[in-house]
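Okay, so here's the structure we're looking at.
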Amino acid sequence: MNTQQALTDEQLRYLRLLAEKYPTVAAASSEIIRIEALLRLPKGTEHFMSDLHGEHEAFLHILNSASGVIREKIDQLFADTVPARERADLATLIYYPEQKLPELKARQEDLNQWYATTLLRLVELCRLVSSKHTRSHVRKCLPESCAHILDELLHAHFEDHDKQLYYREIIQSIIRYDRADAYITRFCQLIKRLAVDRLHIVGDLFDRGPRPDLILDELMEYHDVDIQWGNHDVVWMGAAAGSPICILTVLKTTLSYNNLEMLETGYGISLRTLDQMAERVYGGSDVTLWRPHGGNQGRWEEIARMHKAVTILMCKVEAQVITRNPDFQMQGRDYLNQIDYENGTVLCGGKRYPLRDTDFPTVDPACPSALTGEEQEVLNDLVRGFRQSEKLQRHIRFLYAQGTVYSCCNGNLLYHGAVPMTEEGEFAAEAFKGQSYSGRALFDYCDRRCRQGYFAPEGSPERQAGQDFLWYLWCGPLSPIFGRSAMTTFERLYIADKSTHAEVKNPYYSHINSPHAAEVAERILQEFGLTGPGCHIINGHVPVRAIEGESPIKGGGKLIVIDGGFCRAYHSKTGIAGYTLISNSRGLTLRTHQPFESTEKAIRDDEDIDSQSEHIYTAPQRVLVRQTDEGVQESARIADLERLVQAYQSGLLHEAS
């Protein structure tokens with residue numbers, strides 16, 4: 001069969017389009033040669049982080065240090081030739097070049113000699129971290145203003161005596177023309193850029209910690225990042241879309257953790273009308289139950305009043321959402337409808353409990369979910385504030401663009417919460433609109449509904465349904481992002497009996513810790529199309545209690561939970577300050593981190609995060625690009641280019657002159 005007979009019309013159209021980019025046999029063949037060489041390079045480094053919860057300073061330090069990868073490279077190169085103090089200075093300089101450089105310069109007796117030494121060390125380090133990349137890739141990472149000089153230095157052969165003067169002159173010229181600071185800064189940025197190919201955030205950027213907005217600012221500038229949404233993320237996505245229930249939910253968390261700076265300064269959202277209503281309605285009330293956690297307690301009563309006002313509003317709107325979504329199976333959690341207002345009790349789980357607070361001045365017992373006129377005005381104002389925050393909208397569009405409910409990447413399955421399961425170990429089925437979903441199909445369905453809540457037409461039933469679903473993913477009993485029976489916010493505030501506060505974990509969590517955990521993990525991986533000894537599940541969401549001896553490695557070694565309590569609020573429960581994971585061509589390494597004090601102290605004292613490394617998987621042979629997702633795509637391109645070459649050689653297509 002000749003080439004023309006073997007190709008369909010669609011394939012021919014594609015080859016003609018490909019020919020526009022590669023108009024000759026030589027051009028197509030050169031690209032094949034380039035790709036073949038790329039496929040034989042070692043796989044790039046991937047960096048996994050989870051449950052950041054607004055802890056922007058610790059996040060930035062771990063990001064800058066690549067979870068210790070950069071310090072390891074420094075020690076690899078200079079342990080025998082450079083004193084420990086100077087290696088620590090060099091590491092901090094790379095992490096924070098703009099802040100550390102003035103301090104280091106002020107210490108020097110011979111600044112020009114220090115410049116020359118530092119530039120040469122940075123060149124050597126940069127050459128090491130660029131060794132797994134093609135020269136064309138490295139060139140693309142270079143800043144345009146000084147790309148030529150950086151490229152010359154990176155590919156210098158200092159042992160070549162004929163060129164030694166040439167390279168020495170480049171360094172001296174950089175110093176002589178007062179460009180050393182700029183080149184040091186550029187090299188530091190380039191080292192961080194080349195040390196990690198791709199960053200994975202396995203959910204929960206928002207809430208609890210002080211500035212999630214600063215984390216998102218940083219992520220938007222990062223060269224390659226993907227995000228698997230956590231339940232704290234999806235509720236903020238719903239809030240940005242204008243969902244009243246999501247807005248009230250994120251406000252309740254923000255007020256309870258006293259994070260008003262993030263809301264007012266970070267996103268420019270005013271709480272003035274809420275504050276005025278709370279003062280008028282609850283000014284004479286005991287609001288001790290609503291006192292916020294931590295932070296500046298100077299204005300705690302004002303914040304507590306707003307916290308109570310938002311909580312009541314949230315309970316009202318929750319009842320409305322539950323009523324119009326019977327598929328959510330959350331009847332009985334519309335607690336304002338379960339209260340006996342005369343006797344001050346509430347029905348919870350089939351039992352009646354006394355309320356810790358019976359002050360409900362805005363609730364009509366005959367219609368508990370109805371908003372007063374003033375409450376409706378406040379809610380309308382809050383919706384406008386969230387919808388009109390340009391920075392919040394930029395961040396949420398970024399989350400939608402870079403985010404998914406789950407991701408399969410280079411043999412790893414990434415998701416935040418759980419794959420809902422039954423007690424018997426089967427994938428739990430959940431029905432929405434008359435159709436049942438489980439396993440991967442449930443994840444795919446959730447992803448579609450998440451997008452509907454933000455992108456469906458304004459005012460459409462689909463948009464409201466999607467926004468309600470974003471709230472369900474925050475707290476629903478079979479939400480794969482939440483993974484628990486219920487969010488017991490009302491119970492913790494209003495019921496003293498702590499047995500009602502329990503949030504029962506989905507059976508998934510017992511299965512991944514059971515004697516048959518390896519089989520469970522393998523079945524989950526197969527459900528998502530992943531097989532082989534190098535495949536793993538990367539999970540977040542539930543903090544690992546390392547202080548009690550719990551291991552983050554579960555599922556017979558096939559599942560790694562990397563939520564180690566990154567947020568300060570969890571440090572006492574976990575005994576550590578988070579896990580991160582590094583995947584490179586040789587396998588997987590888990591990093592366990594101790595608390596990070598502050599950026600200021602890290603810069604001043606060269607204080608790195610105290611971390612421990614544990615190799616949890618070693619590849620039998622070094623993993624090459626050919627074996628990655630990128631490699632599969634590039635191999636397919638080679639096949640296309642080979643067909644293009646055959647089409648030229650057979651006369652089916654004509655080469656450009």
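Keep in mind that what you see is a predicted model, and the values were worked out from it rather than measured.
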Can you confirm if the aromatic rings of Tyr406 and Trp229 lie within a centre distance of less than 6.0 Å? no
With rounding to the nearest 0.5 angstrom, report the CD to OG distance, Gln388 to Ser270. 11.5 Å
Ignoring hydrogens and angles, state whether a donor on the side chain of Asn380 or Gln376 is under 3.5 Å from an acceptor on the partner side chain. yes
Sequence neighbours excluded, which residues qualify as ring-ring contact (aromatic ring centres under 6.0 Å, His included) partners of His541? His416
Please tell me if the side chains of Pro552 and Ile562 come closer than 4.5 Å, counting only heavy atoms from C-beta onward. no
When the aromatic ring centroids of Phe469 and Phe432 are compared, is their separation below 6.0 Å? yes
Is it true that Lys43 and Asp197 have a side-chain N and a carboxylate O under 4.0 angstrom from each other? no
Is there a side-chain contact between Ser438 and Glu430, using heavy atoms and a 4.5 Å cut-off? no
How about His47 and His200: are their ring centroids closer than 6.0 Å? no
Over 12 foreign heavy atoms within 6.0 Å of CZ, Arg604: yes
In chain order, what residues pass the ring-ring contact (aromatic ring centres under 6.0 Å, His included) check against Tyr415, with sequence neighbours excluded? Phe443
Close side-chain approach of Leu52 and Asp204, heavy atoms under 4.5 Å: no
Pair Arg208, Tyr570: side-chain N/O donor-acceptor within cut-off below 3.5 Å: yes
Any side-chain heavy-atom pair from His53 and Phe566 closer than 4.5 angstrom? no
Around Glu98, counting heavy atoms of other residues, nucleotides and ligands shown, do more than 12 lie under 6.0 Å from its CD? yes
Do you see a donor-acceptor pair shorter than 3.5 Å between the side chains of Thr599 and His61? no
Please determine, by modelled atom types, if Gln393 and Tyr454 share a side-chain donor-acceptor pair under 3.5 angstrom. yes
Are there over 12 heavy-atom neighbours, none belonging to Glu264, within less than 6.0 Å of that residue's CD? yes
Which residue pairs satisfy the side-chain hydrogen bond (donor to acceptor under 3.5 Å, both in side chains) criterion with at least one member in residues 304-314, sequence neighbours excluded? Lys252-His307, Glu279-Arg305, Trp290-Thr311, Lys308-Asp357, Lys308-Asp359
Do you see a donor-acceptor pair shorter than 3.5 Å between the side chains of Thr253 and Asp207? no
If the threshold is 4.0 Å, N to carboxylate O, is there a salt bridge linking Arg211 and Glu55? no
NZ/Lys140: more than 12 non-hydrogen atoms of other groups inside 6.0 Å: no
